[in-house]
Enquirer: 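Sending over a structure as structure tokens; questions will come in a sec.
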Amino acid sequence: MTGQPLLSVRDLAVEFGHGAATSRPVDGVGFEVGEREIVGIVGESGCGKSLTLLALLGLLPAGGRVVNGAITFAGRDLRGADQSVLRSLRGRQVALIPSDAGAALNPVARVGKQLRLSLRTHHPELNAQQRRGRALDALRRARLARPEQALAAYPHELSGGMQQRSAIALGLQNEPQLLLADEPTTALDVSIQAEILKLLVQLRDELGTAIVFVTHDISTVREICDRVVVMYAGQVVEQGDADEVLAAPRHPYTAALLGSVPPLGGVPPEQLETVSGMPPDPAAWPGGCRFQARCRHFTELGEPDECTSTWPGSADGLALSAACHFPLDDSPLEEVRR
Amino acid sequence: MSAVAVVAATTDGPRVKRGWKVIVGGGLLGFLALFMLVGPLISGYDPNATDLDARFAGPSAQHWLGTDDLGRDLFTRMAVGGRMTMLIALGAVALASAIAIPLGLLTGYLGGWVDLAVMRVVDLFFAIPTLLVAIGIVGLFGPSFSTTLLALGLAFWPFYARLVRSAVVGVRDLAYTDAARVIGAGRWRIIRKEILPALLPLLIVQTTVLLGFAVLDEAGLGFLGLGVQPPDASWGSLLAQSRGFVLSHPWIGVIAGVPILLVVLGINIMADVLRDRLDPQGAST
Amino acid sequence: MVQYIARRLLLAVPLLFGLSILAFAYVRVIPGDPVTAMLGVNSDPELVARLRDQLGLDEPWYQQYLSWLGNVLTGDFGLSYRSRMPVSDILVDRIPATLELALGGLLVGLLIAIPAGLYAGFRRGSRADNVITGATLVGLATPGFWLGTLLMLLLALQLGWLPSQGYVPFDVDPAQNLRLLVLPALTLGLAIAPYLARLTRTAVVETGGEPSVAYARAQGLPERTVARTVVLRISIPSLIVAVALTVGFLLAGSIIVEELFNWPGMGRLVAAGVSERDYPMIQALMLIYGVIFIVVNVIAEVLQGLMDPRVRLT
Ligand SMILES: Nc1ncnc2c1ncn2[C@@H]1O[C@H](COP(=O)(O)OP(=O)(O)O)[C@@H](O)[C@H]1O
Ligand code: SF4
Ligand SMILES: [Mg+2]
């Protein structure tokens, strides 16, 4: 990454509730997204991925608030920005692609109307004809088979894949600099998943839009991401170049996630290593390393004290060298494991 | 959860303090209970004793709320009438529950044609105003204390049954009931041990809500002259009686509605409190 | 859409059928011999014979039902026991007054409740919401006839702004008709407003939690646009259906309001009919109130289908 990153997040924390009922589901997240870059955020369901995205947009659910950290987008501070600034950014410079477009698109408005409404908000200078042309363009770019028909259709009249493409068109038509795609393929069939992933890469190549791609499925990261951010229990535990991290994970959690999917084109390992047990509760994070209760490495190393007593992360939340006291490539056990 | 779903799932803001509700609701009900139970003892009047020298007396030291057209003490009659009204309301709700809960459980759990048949009957009852159903039943048996109870109970059960049924459908296929089925628990056992406990919060809240409606409808029937008959007093019959001289002596009609308002308000507030405590999903709005 | 409407209409048929069975059965479940129950023990034998014949009591029940239904469908509800006049003649005079009152009450109720419910729903948790929700709670606990009594005492007797009771047909004197309508309609409207306000608020709040609303915000649409194009557009169709379901309250309320203000609608026949055991009259009233409810609800569902494309599929 050269020069200023497009998006920079440092030590972000989000809280809900008050007093004894306070929870901190995002607790020290840092990462960067450069121009034209596709960054994957991966982690189990509930680790705080969606809240991280919503915090960026200033759209945390009621009761949620950013209590720490810095968010800088295109040189502007977003954490302190007020709602009107954020609103002019949303959908215009930063667009969200929902996970289930079928539920997210307005069920009682035709797709064309939804596209035009967003254009009217963000490009008031366009006339009706230009708006229609632009909406059609966006649908074509999202590779919708029959864009004219899609314009006149209600969301429920489209297939899941077409709904997702419509949402992508809705996100793209204002030519944002950054797409936030929150599990954009989980609601789809496997074959359509692959098409949508391909589409995202194509769009980045054509339009130069940077993409934050959130997923709980690390195998999809391998297919499209330049860099990867691995989250666990509201924190980043490891991040880096996607190829490097996936080839040689340093954090035991990343390794466990990778172990739970067969390597691409490779022979499946004899035993699928799944991460057993449940992640901890955001209302009561454990001290020390949050992964410790589920960490096999910890057991294999003879339960060292560091893991239970000291938090292994870095203050900026970036975890560039893996938030672990005993990263895998330094560990004597690593040879055995390979 | 997706970003969008997270926002969707949490429309609730920070928890509002609900303490005042318990105080107001509980206070109202406590006050009225005291009035009904102890009032007649301290007033020292027989509710049906007439005193033709003291007709239409206004509030005074002798008659705290005045007297009616026959010189009967209104304070005492309202307290005693309240007992009658509450007895009817409680009885009617008990009757409606006794019909609706088993029926709702059965239809919801079994589904199939039983469900279909019963729910069509329920639909039918929805099409006729509750009050009219109750009036129709009064028409069959003639107005009296027990008819009023019966009429309200029979008019209410369909609403309740539909609610129970849809709640049962909601929990029927949940994991734990499935688990119970897998380990071979029988139908009755599942209904009794798994479904009923899960429904308990809803049932408690709904019986409370229904109680408020029963009080209002008892008064409605009474107002039409189809409730408890004179000389016995209930809040409904007091209102019916006051209609005869509402223009010349409005005071009685005005005062007779107050305890109804207060008791139903107290009941509804307590229903809200119960909903908040027991059934947080239902409380979100 | 045509298909959707046809299906809604078709679904109303079993309901209407059930209603007719219920009304028919009603007279048959009178404890004891129906004729004696109706006329009393020592009644004119000629009358008894005529009534037995009118009810067709010696035929099997399904034949009785069919001939009764045939009569009803041609508008023949039999003779009122009280006045010995055809029930249908009496009703024809009464129905317009009831409809006028019900529409007036509904209008007042909606005018109060919709703005209040929308305001509270969109500003959930605000002071205004608390005030409106509190007023709703008190309103739900207020007996309608008591409220009507208070209004009558205040607006008619104290202030003298309005006539206290009575009725003049619209075609005789429109102005006086409307003046007389104000108090009853206000009472009925205030009585149902809390229900409507609560429904409205709930609809807005529930829709506010839909993913579509969050997604609309994520697109940077202004709050007003989100409210108008998403929240309202989604909630109004289901709200229409919910309001139609409260027509039962409206009709029940009208029975009492008519009684209170001497409004000569069908409602006044209800209490009189029951006190005097005028069974053909009660039967007819059940049918008509039921039919009004069913018709209103079918209309509401059709409107919903017009406004919400998803519904048309069901
Ligand atoms: N509105 C909310 N109020 C309180 N806690 C919440 C709320 N939304 C999410 N959370 C908590 O935050 C955690 C992370 O949520 P989320 O960001 O949706 O996870 P992910 O997208 O990684 O699956 C969840 O486990 C949940 O406990
Ligand atoms: S710090 Fe210890 S417990 Fe945590 S991941 Fe590393 S080895 Fe496992
Ligand atoms: Mg998520």
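All heavy atoms count here, side chains included; hydrogens, waters and symmetry mates do not. Labels below follow one simple rule: chain letters A, B, ... track the order of the sequence lines, proteins then strands, and each chain is numbered from 1.
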Enquirer: Measuring from B/L124:CG to C/I294:CD1, what's the distance to the nearest 0.5 Å?
Expert: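 The CG atom of B/L124 sits 7.0 Å away from the CD1 atom of C/I294.
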Enquirer: Shortest non-hydrogen contact from C/L137 to B/L265?
Expert: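 Nearest heavy atoms, C/L137 then B/L265: O-CD1, 3.6 Å.
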Enquirer: Compare every heavy atom of B/F126 with every heavy atom of C/F293, then report the nearest pair and how far apart it is.
Expert: CZ-O, 3.3 Å
Enquirer: Residue by residue, which of residues 248-259 of chain C have a heavy atom closer than 4.5 Å to a heavy atom belonging to chain B?
Expert: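 Result: C/G248, C/F249, C/L251, C/A252, C/I255, C/I256, C/E259.
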Enquirer: What residue in B/V264, B/I137, B/L221 has the most heavy-atom pairs under 4.5 Å with chain C?
Expert: B/V264
Enquirer: Please classify the contact of C/L140 with chain B as side chain, backbone, both or neither, using a heavy-atom distance under 4.5 Å.
Expert: both
Enquirer: Once you round to the nearest 0.5 Å, how far does CG of C/L15 lie from CZ of B/R120?
Expert: 8.5 Å
Enquirer: Do the side chains of C/V138 and B/L261 get nearer than 4.5 Å, heavy atoms only?
Expert: yes
Enquirer: Let's test your reading of the structure: which of B/G220, B/G257, B/S242 forms the most heavy-atom pairs below 4.5 Å with chain C?
Expert: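 The candidate making the most pairs under 4.5 Å is B/G257.
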Enquirer: Please check this pair: side chain of C/Y289 against backbone of B/L132, looking for a donor-acceptor N/O pair closer than 3.5 Å.
Expert: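 The answer is no, because no donor-acceptor pair under 3.5 Å joins these two groups.
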Enquirer: Chain C heavy atoms under 4.5 Å from B/V258: which part of the residue, side chain, backbone, both or neither?
Expert: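 Its backbone and side chain both get close to chain C.
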Enquirer: Side chain, backbone, both or neither: which part of C/L19 has a heavy atom under 4.5 Å from chain B?
Expert: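 Contact with chain B is through both the backbone and side chain of C/L19.
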Enquirer: Determine the minimum heavy-atom distance between C/A141 and B/L216, stating which atoms define it.
Expert: O-CD2, 3.8 Å
Enquirer: If you tally heavy-atom pairs under 4.5 Å against chain C, which of B/A127, B/G139, B/G225 wins?
Expert: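 Among B/A127, B/G139, B/G225, the one with the most close pairs to chain C is B/A127.
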Enquirer: Applying ring pair (Phe, Tyr, Trp, His ring centres under 6.0 Å) as the test, list every pair that has at least one member in residues 122-159 of chain C; sequence neighbours left out.
Expert: B/F223-C/F145
Enquirer: Between CD1 of B/I128 and CG of C/L287, what distance do you get to the nearest 0.5 Å?
Expert: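 CG of C/L287 is found 8.0 Å from CD1 of B/I128.
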Enquirer: Based on non-hydrogen pairs under 4.5 Å, which of C/I282, C/I21, C/L153 is most in contact with chain B?
Expert: C/L153
Enquirer: Are the side chains of B/L239 and C/T149 in contact, using a 4.5 Å heavy-atom criterion?
Expert: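 In short, these two side chains do not touch, never coming nearer than 4.5 Å.
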Enquirer: Under the rule for ring-ring contact (aromatic ring centres under 6.0 Å, His included), what residues qualify as partners of C/Y119, not counting sequence neighbours?
Expert: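 With sequence neighbours excluded, C/Y119 shows a ring-ring contact (aromatic ring centres under 6.0 Å, His included) to no residue whatsoever.
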Enquirer: Of all of C/S164, C/G144, C/G18, which one pairs up most often with chain B through heavy atoms under 4.5 Å apart?
Expert: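 Ranked by contacts with chain B, first place is C/G18.
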Enquirer: Could you tell me which portion of C/L285 (side chain, backbone, both or neither) has an atom closer than 4.5 angstrom to a non-hydrogen atom of chain B?
Expert: backbone
Enquirer: Write out all pairs satisfying salt bridge (Lys or Arg N to Asp or Glu O under 4.0 Å) with one or both partners inside residues 253-263 of chain B, taking only residues at least two apart or from two chains.
Expert: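 Passing the test, one end in residues 253-263 of chain B: no pairs.
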